[in-house]
Amino acid sequence: MGSTNSTLSKIPNVEELMQETGFTPAHIVRLYDRFEALDKEKTGHLRPQDFGAINRLAMNPIGDRIIGAFFSPGQETVDFHSFVRILAHFRPADKKHPKDPSMPEPVNSRTSKLKFAFQLYDQDKDGKISRAELLQVLRSMLEMQVTEEQLESIADRTIQEADLDKDDAISFEEFRKSLEKVNIDHKMSIRFLR
Amino acid sequence: RPLIVDQGYNQPVIVDQGYNQPQAFNMDQGYNQLQACSAAVCCAPPISSTHLYRECIVLWRELQRQSPDDVMSPPLQVLYKVYMSFVEVGPENVQTADYFKGVASFLIVSIGGTMVGLIFAALLAFITRFTKKVRIIEPLLVFLMVYLAYLTAELFSLSAILSMTFCGIGCNKYVEANISQKSRTTVKYTMKTLASIAETIIFIFLGISAVDKSKWAWDTGLISCTLIFIFVFRALGVVMQTWVLNWFRLVPLDKIDQVVMSYGGLRGAVAFALVVLLDAERVPAKDYFVATTIIVVFFTVMFQGLTIKPLVNWLKVPRATNRKPTINEEIHERAFDHCLTAVEDIAGLNGYHHWRDKWEQFDKNYLSKLLLRKSVYRKSELWEVYQKINIRDAISVIDQGGNVLTSARLSLPSMASRASFPEVTNVTNYLRENGSGVCLDLQVIDNVPGAKVEEESETHHFLAGNLYKPRRRYQSHYSRHFMTVGDHERQDREIFQRNMKSRMETFKTTRHKRHSHKKDRSQKKRRGSDVKEQDLNDKPRRNVSWQDKDPVVVPVESEDEKGEHLEPEKEEDVGITFVARKVPDTPKERPKSVPAGLEVCQSPSVAPPSPTCSERNLPWKGGIGTLPVCVSMEATKIIPIDLQQAWNQSISSLESLASPPGPVEPLHPRVSALSRLGGQRPVSYSGSGVSGSGFGSRGAGSIVAQGIARFEFPPGGEEKDEEEGALSDQEQELQPLMSSSVRPPGPPPPPPLAQGLGRRRNPCVYLRSLVTAPPPGSEPLARSRGPTQL
């Protein structure tokens with residue numbers, strides 16, 4: 001497809017991007033189109049307001065957190081590379097890749113997906129999900145009909161179940177362990193259609 | 001040659017081919033008959049293979065989720081009908097156009113049936129929204145509506161089975177939420193039973209037919225070819241279809257999955273049913289078909305069915321594990337869903353999550369409002385899951401003989417939920433209904449209680465131990481001097497009355513000295529049989545005095561029974577089930593359970609093994625120092641507000657107990673008290689006050705735990721309600737011993753204790769009231785107390 005090539009050539013470092021994220025050229029092109037659609041002012045960067053323009057995101061309980069996840073700490077904008085990198089987390093895992101210990105962990109491996117999810121909870125980036133953070137997430141996810149008391153019960157129970165070292169917070173390891181039976185690959189992947 | 005649709009178990013439609021040249025019979029009428037037969041044969045009903053497969057394969061689970069059971073079998077039957085109609089018409093009349101019409105009718109019938117089913121699903125869900133007051137008809141309603149869906153579809157010659165199926169699928173979510181738990185259970189088990197019965201009957205019939213030679217005709221060629229071909233073509237079909245599907249799947253189906261899927265085509269009851277239904281006039285070769293079908297069924301069900309499990313094991317297919325749902329997983333899965341939806345939106349993809357989210361929004365805003373009961377509609381699903389998990393845990397703990405504890409961190413149930421409290425009769429029910437209020441402190445249940453819990457349990461242990469002991473004590477006396485213990489209550493009463501009479505004279509003088517508090521009257525009145533019990537307990541005191549130094553050895557074991565006897569007598573409307581668990585050595589293991597809103601006294605575990613009788617009897621003596629001030633703190637947290645007062649009473653009594661009773665004499669307190677009897681005014685026990693007050697039971701106010709050294713012989717009147725005076729004395733006790741000068745002041749109990757607590761619900765209190773043992777030593781007995789015996 002001719003358009004693919006021309007679009008690809010517009011993107012700097014596209015080879016490296018594909019290598020790192022495992023997207024096919026078609027995927028990259030599609031994402032680039034989307035990026036440009038979101039980037040109304042054609043600055044080549046996305047700002048939080050651009051994300052906010054997506055209407056459906058406003059209805060999502062954790063939409064804000066997701067948007068926040070796109071922006072690395074301290075950065076105000078997202079360029080195309082970061083955009084793609086974050087989205088690469090959600091690519092289905094490749095079963096066929098041989099495990100190459102010398103390579104860094106692929107972006108869409110199970111662990112990376114879990115890390116991403118963990119960061120959604122852990123807003124202050126201290127490596128643990130504290131009770132307060134959990135409460136925040138619960139509050140946003142549960143609709144109005146649950147009282148504060150009930151929320152706290154749920155939070156307590158959640159921590160109780162997952163917390164193995166009894167520090168009243170959930171570390172990444174505990175988080176991972178509590179989800180070991182869940183098919184993360186399935187739950188945290190979307191198909192990037194051609 | 002038209003293709004026949006083979007369904008196989010839970011598979012997407014797999015194409016199988018019929019065969020065309022059997023030698024044994026005349027093929028003039030051939031194709032159509034064959035097709036009909038093949039349709040029957042290939043129809044592999046899910047029913048018979050259900051249990052086998054369900055446990056085996058994870059993948060199948062996913063498939064099942066996507067293509068629910070029984071959905072594909074009906075189309076096959078539709079096909080069967082189509083062919084039958086061709087047969088009827090006669091082969092010479094079948095034209096090309098008819099084939100197309102056949103296909104079209106297939107579609108119409110299927111889709112029409114589905115629509116009818118969905119309409120009835122909506123109707124059913126809507127009706128169940130209003131059945132709150134008539135719960136009993138809910139299961140019936142469910143069955144009838146589904147049957148109605150079936151009949152309606154039949155009426156219009158649409159696919160009845162599809163309509164039934166989709167009726168069930170469509171209304172599942174709403175009906176399950178609307179109807180009561182019992183109705184759910186009823187429906188579930190009735191359907192399972194009916195399905196089992198139907199399956200059994202069919203297989204019995206199959207077996208009989210196999211034996212009955214008149215029903216079938218053997219043809220080797222036909223049969224062997226059928227067997228080979230169903231296997232081969234099924235595998236072919238699976239491969240082709242998975243190749244197509246893998247283009248769209250997130251997790252592709254690999255070779256092993258395909259092997260298992262193709263091997264798993266069991267044909268059973270439905271195939272047989274259909275073939276037997278063939279019209280022998282129209283289909284002269286019916287007998288051959290019947291024979292073939294029987295053989296196919298036998299082969300697939302028995303051979304394939306039995307070997308699939310070893311095959312799966314050998315291939316190391318991952319199995320579906322039944323995992324206990326955890327709240328963690330639930331929360332995180334939901335979070336992931338939201339996350340994925342957001343990402344899809346960001347990336348501009350209209351993917352699976354996007355549509356699913358849309359559907360859920362639509363459902364939430366329109367459908368659920370219409371079809372779900374209001375109270376259910378408001379609840380959030382995550383909360384429901386949380387409650388279910390909690391309840392499940394609580395029930396399993398109780399089933400194992402443990403006790404459900406509510407941690408102090410637990411938030412009290414809201415008042416609204418507590419309004420239903422009176423109907424609760426035991427912990428399980430309470431939990432079922434008010435799961436929200438209970439958050440199991442799993443750590444406590446794991447028998448690793450913290451220090452605080454230990455203290456509390458010790459306290460309870462002490463209390464309970466004391467509560468029970470007195471009763472036992474006097475019982476042992478009874479056994480010696482009186483009739484054997486049969487009916488406790490009756491006996492107690494009798495003895496009580498006897499004793500009181502004799503005591504009346506003795507204590508008339510003492511009674512003058514007591515202040516009479518009018519309010520005590522009400523207290524007294526409320527102490528129904530409790531007082532009687534108390535008085536009975538008095539008896540032993542007296543006995544003890546005569547025997548001076550008779551160490552009353554109380555077999556600890558019996559305490560438990562005693563305790564249990566006590567409660568039932570005490571309980572009136574609300575039975576609180578106590579889970580008695582003996583803890584051999586230390587009080588530590590005994591879980592303290594005081595669920596919010598319930599006072600569940602644990603069966604007292606054995607007192608710490610101590611040699612002296614009094615120590616045994618008065619376990620708190622051993623650990624008096626550890627008696628809790630924390631008891632009151634903890635306790636107050638757990639009690640329902642309306643019982644708070646009474647509880648406070650009890651607690652304050654307890655606290656007074658906290659003060660060491662002075663030199664612990666190995667004597668039974670009663671003994672010591674009694675010994676003083678002659679010289680002094682009788683000591684009054686407090687205790688009854690507390691319990692009585694607390695719960696309106698004339699219980700032995702002896703929260704004797706207070707170790708009040710006072711000991712008082714119950715004035716005759718006490719037991720009997722006529723004795724107002726005594727009541728007043730007992731009232732005294734209501735001021736938990738704190739009033740006693742000896743004790744450290746505890747929180748003064750609110751005077752109108754008992755009045756507030758009309759409920760005599762608390763066996764715990766009652767028990768407490770039975771606790772005896774005023775430690776010797778202190779005695780400012782300015783007042784004589786009411787009979788609190790222990």
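Lettering follows sequence order; numbering is per chain, from 1.
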Distance in Å, A/L114 CG paired with B/H332 NE2, rounded so as to fall on 0.5 Å steps
9.5 Å

Below 4.5 Å from any heavy atom of chain B, which atoms of A/I154 appear? Answer side chain, backbone, both or neither.
both

Interface moiety of A/F35 toward chain B, non-hydrogen atoms closer than 4.5 Å
neither

Do B/V343 and A/H89 have side chains that approach each other closer than 4.5 Å (heavy atoms only, starting at C-beta)?
no

Side-chain contact test, heavy atoms from C-beta onward, threshold under 4.5 Å: evaluate it for B/E344 versus A/F90 and give yes or no.
no

With sequence neighbours left out, what residues match A/S82 under side chain to side chain donor-acceptor pair (under 3.5 Å)?
A/D79

With a 4.5 Å limit on heavy-atom distance, are the side chains of A/L120 and B/H338 in contact?
no

Spacing of CD1 belonging to B/I331 relative to CD belonging to A/E161, to within rounding of 0.5 Å
8.5 Å

Any pair with a residue in residues 117-126 of chain A that passes salt bridge (Lys or Arg N to Asp or Glu O under 4.0 Å), sequence neighbours left out, goes on the list, sorted by first then second residue, please.
none

Measuring heavy-atom distances to chain B, does A/L134 have an atom under 4.5 Å in its side chain, in its backbone, in both, or in neither?
neither

